[in-house]
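Letters A, B, ... mirror the listed sequences (proteins, then strands); counts begin at 1. These figures come from a predicted structure and were not determined experimentally.
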Amino acid sequence: MERSTVSEEQVAEQSTGAAYSFAAMEAKWPAVWDELGVFAPKDDGSRERRYVLDMFPYPSGDLHMGHAEAFAMGDVVARYWRLRGFDVLHPIGWDSFGLPAENAAIKRNAHPAEWTYANIETQAASFKRYALSLDWSRRLQTSDPEYYRWTQWLFLRFYERGLAYRKNHPVNWCPKDQTVLANEQVVNGACERCGTPVTKKALNQWYFRITDYAERLLNDMTELEGHWPERVLAMQRNWIGRSEGAHVQFVVEGTDAKPQHEVTVFTTRPDTLYGATFFVVAADSDLAADLVAPEQAQALADYQDRVKALSEVERQNTDREKTGVFLGRYAVNPLSGEKLPVWAADYVLADYGTGAIMAVPAHDQRDLDFARAFGLPVRAVLDTGEDDPAVSGIATSGEGTIVNSGPLDGLSKAEGISKAIEIVEAAGTGEGTVNYRLRDWLLSRQRFWGAPIPIIHCDVDGEVPVPDDQLPVRLPDDLRGEQLAPKGTSPLAAAEHWVNVTCPRCGRPAKRDTDTMDTFVDSSWYYLRYLSPNYTEGPFDPDAAKNWMPVAQYVGGVEHAILHLLYSRFFTKVIKDMGLIEADEPFAALMNQGQVLNGGKAMSKSLGNGVDLGEQLDTFGVDAVRLTMVFASPPEDDVDWADVSPSGSAKFLARAWRVAQDVKSAPGSDPASGDRALRATTHRAIAESEELLDAHKFNVVVAKAMELVNATRKAIDSGPGGGDPAVREAAETVAIILSLFAPYTAEDMWAALGREASVANAQWPQHDPSLTVEETVTAVVQVAGKVRDRLEVTPDITEENLRELALASGNVQRILDGRGVRTVIVRTPKLVNIVPA
RNA sequence: GCCCCAGUAGCCCAAUCGGCAGAGGCAGCGGACUUAAAAUCCGUUCAGUCAGGGUUCGAGUCCCUGCUGGGGCACCA
């Protein structure tokens, strides 16, 4: 350690005369790019517009490896399209409302805005260092009053259309965060954010009527087919959960109701109506309480208490024993006239279908489990050739012939379904229908740091919308620390000066709604606000939307496959129905980047396997980190940081950069006189890169760039030398391709090549097809599928000629050894397969 | 339980229409340069495509079955 050390850069300087220094480049170029204003769209209609969008970040601390990957991918698309001559919009902003800011504020006795905006500044600085080709002039934050004013404005338009409403309903409640959660935010019975088991609580809450749009959300996915990852579409389809079936009305006897109490069930299998042997309503539904006979009321109440005591995790366990209670009533099967005992059970869900089912134990496993638990009859009405469910304990539900079913006897499953629907429709006791798994979107939150719901509650006028000219309803800025702590009601309720207002309609004292909106509301329309971030006449300028929508390429993580993407699709459709935009879908194409792992696992504090982005950037430079992200695998695959080599990327970048230093010809020299072989490599790289970029195979594009750098190096060292114009052409091509992944190195190369900044403004080179055709091609000659000879032929050889050449081959003749030839398959110019007799 | 996706070299990954399994990188090995090392440059080893069946003149690619891994949904009638 006594020896004096020499820095890598000094050594490089000694050996090559110049040094590749990422630090110098990172210090030099950002100012130049700013000055040139390269990344703002012209927006004048002179070029075709393309909107590239990355999912905007939540400002929790600084950027991490995941951001680095996602934004590297989006930037490749934006930069490529810019080089191809499109007018590219590539904006950035922050999804800046949300719980972590509030929790931080409580801990530090501060206002959430302080933490939020400090983090945003940190992230903004990191984004700039990361050299993303963003238009900073459109930056927005969803927690800015000028943004959430329009979130509130949109809420009111939804309200006017009947798409925002309040109902009293059991909701998912997170006891830790002290707030309600949407269905989409409950994962395996636990809070998506903090993992606390979710409980149910009956509360009066705000909902968006997304179920009205279920059919359109489902059908319009055909437009996205091929442009969105198949698994995301599958997840959305799954989530929407369309199922066809029938509503069938059962009269429940013995209640005091007049006319008699009718209960509708939803079933996907009306063909099995004759197999119904009992009837079940959801234990926690109003229906159970309405129907119960007086002598069973106490039993029901006891059962309901037992159900309530279960956590959601326990309740959702499908292995659980079936439980339930008889309600002392009978429901009449409208087809058979049979009287079925009515039970309440927790395996029937209150908020799916109608909250009541006809139980067909022979052909539904859950019903069968219940029947066996309580000794209820099992009657098969579908002969599938399998064992009798009453004996086997296994319900049968496949194709079969209907039996024991009066008018349905002898029909197939499908025929039985249509016939049964026909019969109940004719009798007025039911109808064919479509049911969805999707529930309405619960949007109110009992927390502070979100957009206040712009409604005033008046004793006389009820719910009164805040008039548009009084928007935004600003959050009070004088609450601090403990005043923001969750108490089960919104902290806003305690801010009396804020809550107490006069009714806009009658002028009497009234109170503001104290809930705030789910932050997914904020992010459901931000892509529209970017189009005209300073527009004051509405949430966005409709003309701008006409010009830019839909987003041509959206980039983000698959964790938003349902939540954000479904909500945004819903918002777009409603906004279209309001006449403000023409697009049906917000995001024409979607790319999901994979995760960044370390050692096969997601990075996490508890595992201690986190990799700090800042340290990586300091060690290897921005370009090497970006290149590593892109080169590691196709964009949608995970990158395991333990498997990749940022130092290898840095080495390659230095190698590419040195190639530019070794170019000796003048800028603008005509490549036509240059080395033909190198030119062929260059033009092939251009042509292949285009296809690969269109197919999002960015990792392969990097490989092509490496190949081209290797060929150029060889041409300089042991070929025509650095003065050959083909070497310049190759080096310039490398710089342009690299500008997609490694903007600093590319810009520095461009400058070394004597070209004017910025390489981001360069044109994508046109490849010359005459250079990419091979002069000769190797044709493979197979006998019975095995390679037996190779022939050098011209690419345009005729089938006839190639066949003759192949058959004449000495090797072929020897292998054939006198055997005749059955067939000869010729695929000019690359292959001949001779099939012996 | 149901639904998606993926298995190619020690590792990360390529392979238009079904047509010679290999473009690129990491790691390894050898060499040049050096007193030595680093850096740089040059060269090079390594798999028959998870398994089994099928279609085909020909299968990594298409079909079926299974295995492994990953993901989503899950008492949704």
Side-chain angles (χ1 to χ4, degrees), chain A residues 3 5-6 8-12 14-16 187-188 229-239 241 243 245 265-269 272 280 315-320 322 345-349 351-360 363-367 369-370 435-439 558-559 561-562 594 627-628 631-634 636-640 642-645 647-649 651-652 654-655 658 688 691-692 695 697 699-710 713-714 717-718 778-787 790 822-825 827 830-836:
Chain A
R3 282 194 313 174
T5 54
V6 186
E8 286 179 14
E9 283 183 18
Q10 283 170 310
V11 172
Q14 284 161 12
S15 57
T16 65
V187 180
N188 293 327
E230 190 47 52
R231 62 170 172 163
V232 174
L233 295 176
M235 280 189 247
Q236 293 215 354
R237 272 191 208 101
N238 206 329
W239 191 262
S243 56
V265 302
F266 173 72
T267 176
T268 56
R269 296 298 303 273
T272 62
V280 191
R315 216 191 65 76
Q316 287 180 11
N317 177 9
T318 49
D319 302 334
R320 227 173 91 235
K322 290 282 180 288
D346 66 354
Y347 83 93
V348 172
L349 307 175
D351 55 0
Y352 179 77
T354 61
I357 62 157
M358 62 172 201
V360 184
H363 308 301
D364 183 294
Q365 192 60 48
R366 296 154 301 178
D367 295 344
D369 293 343
F370 192 84
N435 196 55
Y436 296 93
R437 212 193 71 115
L438 183 69
R439 314 289 155 88
V558 72
E559 65 273 17
I562 299 170
L627 190 80
T628 303
F631 181 51
S633 62
E636 63 277 10
D637 286 9
D638 290 345
V639 177
D640 192 329
D643 290 337
V644 297
S645 171
S647 66
S649 298
K651 216 153 80 178
F652 163 68
R655 192 171 148 82
R658 280 193 307 271
E688 288 171 0
E691 284 176 23
L692 292 164
K697 295 179 180 179
N699 54 325
V700 190
V701 178
V702 176
K704 295 296 166 199
M706 289 172 168
E707 211 178 335
L708 183 53
V709 167
N710 289 344
R713 179 83 259 157
K714 197 169 272 180
D717 289 350
S718 54
T778 307
V780 173
V781 183
Q782 300 177 333
V783 178
K786 287 198 172 111
V787 180
R790 287 158 211 275
R822 186 144 61 100
T823 346
V824 181
I825 287 109
R827 292 282 177 272
K830 290 170 77 176
L831 181 128
V832 180
N833 189 13
I834 297 162
V835 187

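Across all strands shown, B:G19 is found opposite B:C57 as a Watson-Crick or G-U wobble partner, with both distances under 3.5 Å. B:A36 is unpaired under the criterion used here, namely a Watson-Crick or G-U wobble arrangement in which both key atom distances are under 3.5 Å. Using the Watson-Crick or G-U wobble rule with both distances under 3.5 Å, B:A9 pairs with nothing in any strand shown. Across all strands shown, B:C73 forms a Watson-Crick or G-U wobble pair with B:G1, both key distances being under 3.5 Å. Under the Watson-Crick or G-U wobble criterion, with both distances below 3.5 Å, B:U44 is paired with B:G28. In this structure, B:A51 forms a base pair with B:U65, meeting either the Watson-Crick or the G-U wobble geometry with both donor-acceptor distances under 3.5 Å.
If you take atom P in B:U49 and the same atom in B:G60, they sit 7 Å apart, rounded to whole Å. Using P as the reference atom, B:A23 and B:G28 are 23 Å apart when rounded to the nearest Å. Comparing B:C42 with B:A27, their P atoms sit 16 Å apart, to the nearest whole Å. B:G31 and B:A37 have their P atoms separated by 11 Å, with the value rounded to a whole Å. The separation of B:U61 from B:U8, taken at their P atoms, amounts to 13 Å, rounded to a whole angstrom. Using atom P as the reference point in both B:A15 and B:G7, the two lie 11 Å apart (nearest Å). Taking atom P in both B:C41 and B:C5, the straight-line distance is 43 Å, to the nearest Å. Rounded to the nearest Å, the gap between the P atom of B:C57 and that of B:G48 is 28 Å.
Counting non-hydrogen atoms of other residues, nucleotides and ligands closer than 6.0 Å to NZ of A:Lys830 gives a total of 12 or fewer.
One can place CG of A:Asn238 at 12 Å from P of B:G72, the figure rounded to the nearest angstrom. Rounded to whole Å, the distance from CG on A:Asp369 to C1' on B:G1 is 12 Å. Put simply, CZ on A:Arg658 is 12 Å from P on B:A39, counting in whole angstrom units. If you measure from atom CG of A:Leu438 to atom C1' of B:C73, you get 14 Å, rounded to the nearest angstrom. Residue A:Asp351 contributes atom CG, which lies 11 Å from atom P of B:C75 at whole-angstrom precision. Taking atom CD of residue A:Glu230 and atom C1' of nucleotide B:G72, one finds them 13 Å apart after rounding to whole Å. What separates CG of A:Leu349 from P of B:A74 is a distance of 11 Å, to the nearest Å. Residue A:Arg439 contributes atom CZ, which lies 14 Å from atom P of B:C73 at whole-angstrom precision.
Residue contacts shown for A:Arg231 are limited to sugar-phosphate atoms, with no base heavy atom under 4.0 Å away. Residue contacts for A:Thr823: at a heavy-atom cut-off of 4.0 Å it reaches no nucleic acid atom on any strand shown. No engagement by A:Val280 is indicated, since no non-hydrogen atom pair under 4.0 Å with the nucleic acid exists.
Residue A:Ser243 places at least one side-chain N or O closer than 4.0 Å to OP1 or OP2 of B:A77.
The side-chain contact (heavy atoms from CB on, under 4.5 Å) test with A:Gln782 is passed by exactly one of A:Val832, A:Val835, A:Asn833, A:Ile834: A:Asn833.
Within the 4.5 Å cutoff, the side chain of A:Asn699 has heavy atoms near those of the A:Lys697 side chain. The shortest side-chain heavy-atom distance between A:Tyr347 and A:Val280 falls under the 4.5 Å cut-off. A:Val360 is not listed as a side-chain neighbour of A:Arg269, based on a closest heavy-atom distance of 4.5 Å or more. Side-chain contact between A:Asn710 and A:Lys714: absent, with no pair of heavy atoms (C-beta onward) separated by less than 4.5 Å. Side-chain contact between A:Ser633 and A:Asp638 is absent, with no heavy-atom pair separated by less than 4.5 Å. At a threshold of 4.5 Å between non-hydrogen side-chain atoms, the residues A:Met358 and A:Thr272 count as touching. Side-chain contact between A:Arg713 and A:Arg655 is present, with at least one heavy-atom pair separated by less than 4.5 Å.
Syn is the classification of B:G48, since its glycosidic angle stays within 90° of 0. Applying the 90° cutoff around 0 to the glycosidic angle, B:C17 is assigned syn.
In this structure, of B:A74, B:C42, B:C75, it is B:A74 that holds the atom nearest to the side chain of A:Trp239. Listed nucleotides B:C41, B:A23, B:C75 differ in distance to A:Arg713; the shortest reach to its side chain belongs to B:C41. Side-chain proximity of A:Lys651 to B:C41, B:G25, B:U40: nearest is B:U40. In this structure, of B:C75, B:G43, B:C12, it is B:C75 that holds the atom nearest to the side chain of A:Arg320. Nearest nucleotide to the side chain of A:Asp717, out of B:A77, B:C41, B:C75: B:C41.
Mapping A:Val835 and A:Ser645 onto RNA chain B by nearest heavy atom places A:Ser645 closer to the 5' end of the strand.
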In B/S/- notation (B base, S sugar-phosphate only, - none; protein heavy atoms under 4.0 Å), nucleotides 13-20 of chain B written 5' to 3' is SSSB--BB
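Of all the heavy atoms in A:Ser649 and A:Thr628, the pair that sits closest is OG-OG1, 2.7 Å.
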